[in-house]
Amino acid sequence: MANNYKNTERAFKAFGDRVVKTARGILNAKGVNTNGNLYDSIGYHLKVYPSGSMELDFVMEGYGRIVDEGARGRDSSAKAPRSPFKYGNKMPPVSVIEKWIKDKGIKARDKSTGKFIKRKQGAYAIAKGIQLYGKEPTYFFRDAFNEAYKGLSKNIIKAYARDAEKFLAFVSKEI
């Protein structure tokens, strides 16, 4: 009997699918899905070992954790006080923020004159603000994971019980 844990494997796949679908929905609902890169990168890998043990890993773009958990600023932690990420002397990449401004169609203005400023100037100002004051968390992944996790143990127990029942039936035929 090659894989005696098909029901358990299906339960973990359903859990992974639910987390991914919900996380993507939250990204869209919070207006964070600008160009779709983070959205498209959210996924999981389920590895089933010959012993029957399973390993489930969630994946996404590297910056996804900062979007999820936020980041504390160099001068203030108020926006994300519990985040493991903190900006020091280095700002977020201005080029990435410049692209985000372009994708969002944002036109920045000079506060004192009210005149439009160049995209690069606006991107620099935003990057500097993030460096100093941090970035608020969205919890798109954390909330999706926690929501799906609520029903996981019940589903896994049922699936494992079905797999164990099949295995015992198979073994008893062999005896």
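As the structure is a computational prediction, the values presented were derived from the model and not from experiment.
A search for side chain to side chain contact (heavy atoms under 4.5 Å, CB included) contacts involving Ser83 returns Glu69, Arg72, Ala80, Phe85, not counting sequence neighbours. Residues passing the side chain to side chain contact (heavy atoms under 4.5 Å, CB included) test with Asp143, sequence neighbours excluded: Ile26, Tyr139. For Asp75, there are no side chain to side chain donor-acceptor pair (under 3.5 Å) partners, not counting sequence neighbours. Residues forming a side chain to side chain contact (heavy atoms under 4.5 Å, CB included) with Lys111 (at least two apart in sequence, or on another chain): none. Partners of Tyr149 by ring-ring contact (aromatic ring centres under 6.0 Å, His included), not counting sequence neighbours, listed by chain and number: Phe145. Scored by the side chain to side chain contact (heavy atoms under 4.5 Å, CB included) test, Val96 finds Pro93 as partners (sequence neighbours excluded). Here Glu147 pairs with Lys150 under the side chain to side chain donor-acceptor pair (under 3.5 Å) rule; sequence neighbours left out.
In this structure, Ile117 is not a member of the same hydrophobic cluster as Ile130, with clusters built from ILVMFWY side-chain heavy atoms closer than 4.5 Å. Under the 4.5 Å side-chain heavy-atom criterion for ILVMFWY residues, no single connected hydrophobic cluster contains both Val59 and Tyr39. A chain of hydrophobic side-chain contacts below 4.5 Å, direct or via other Ile, Leu, Val, Met, Phe, Trp or Tyr residues, connects Phe12 to Val48. Cluster membership check: Ile66 does not share its hydrophobic cluster with Met60, using side-chain heavy-atom separations under 4.5 Å among Ile, Leu, Val, Met, Phe, Trp and Tyr. Transitive grouping of hydrophobic side chains (ILVMFWY, heavy atoms separated by less than 4.5 Å) brings Tyr63 and Phe141 into a common cluster.
For the atom pair CG of Asn37 and CD of Glu61, the computed distance is 6.0 Å after rounding to the nearest 0.5 Å. Distance check: Asn28 CG to Asn33 CG gives 4.5 Å after rounding to the nearest 0.5 Å. Going from atom CG of Leu46 over to atom CZ of Phe58 covers 9.5 Å, rounded to the nearest 0.5 Å. Note: Leu152 CG to Arg18 CZ = 10.0 Å, rounded to the nearest 0.5 Å.
Sorted by first and then second residue, the side chain to side chain donor-acceptor pair (under 3.5 Å) pairs with a member in residues 100-110 read Thr34-Trp100, Lys99-Asp103, Asp110-Ser112; sequence neighbours excluded. Among residues at least two apart or in separate chains, there is no salt bridge (charged side-chain N to carboxylate O under 4.0 Å, His left out) pair with a member in residues 19-33.
Counting heavy atoms from C-beta on, the side chains of Pro84 and Arg65 come closer than 4.5 Å.
Across all non-hydrogen atoms, the minimal contact from Pro81 to Ala78 is CD-O, 3.5 Å. The two residues Tyr44 and Gly16 have their closest heavy-atom pair at CE2-C, 3.3 Å. Taking both residues in full, the closest heavy atoms of Gly64 and Leu38 are given as CA-CD1, 3.6 Å, listed atom of the first, atom of the second, then distance.
Residue Lys13 places its NZ atom among 12 or fewer non-hydrogen atoms of other residues, nucleotides or ligands, all under 6.0 Å distant.
Cluster note: Tyr49 groups with no other residue, as no ILVMFWY side-chain heavy atom lies under 4.5 Å from it. Other members of the cluster containing Tyr133 are Leu132, with ILVMFWY side chains joined at under 4.5 Å, either directly or via other members.
Of the candidates Ile42, Thr22, Asp68, Ile42 is the only one forming a side chain to side chain contact (heavy atoms under 4.5 Å, CB included) with Leu27.
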Can you list, pair by pair, the side-chain donor-acceptor contacts under 3.5 Å of residues 119-129, counting residues two or more places apart and other chains?
unit_1: Gln121; atom_1: OE1; unit_2: Lys118; atom_2: N; d: 3.0
unit_1: Lys128; atom_1: NZ; unit_2: Gln131; atom_2: OE1; d: 3.0

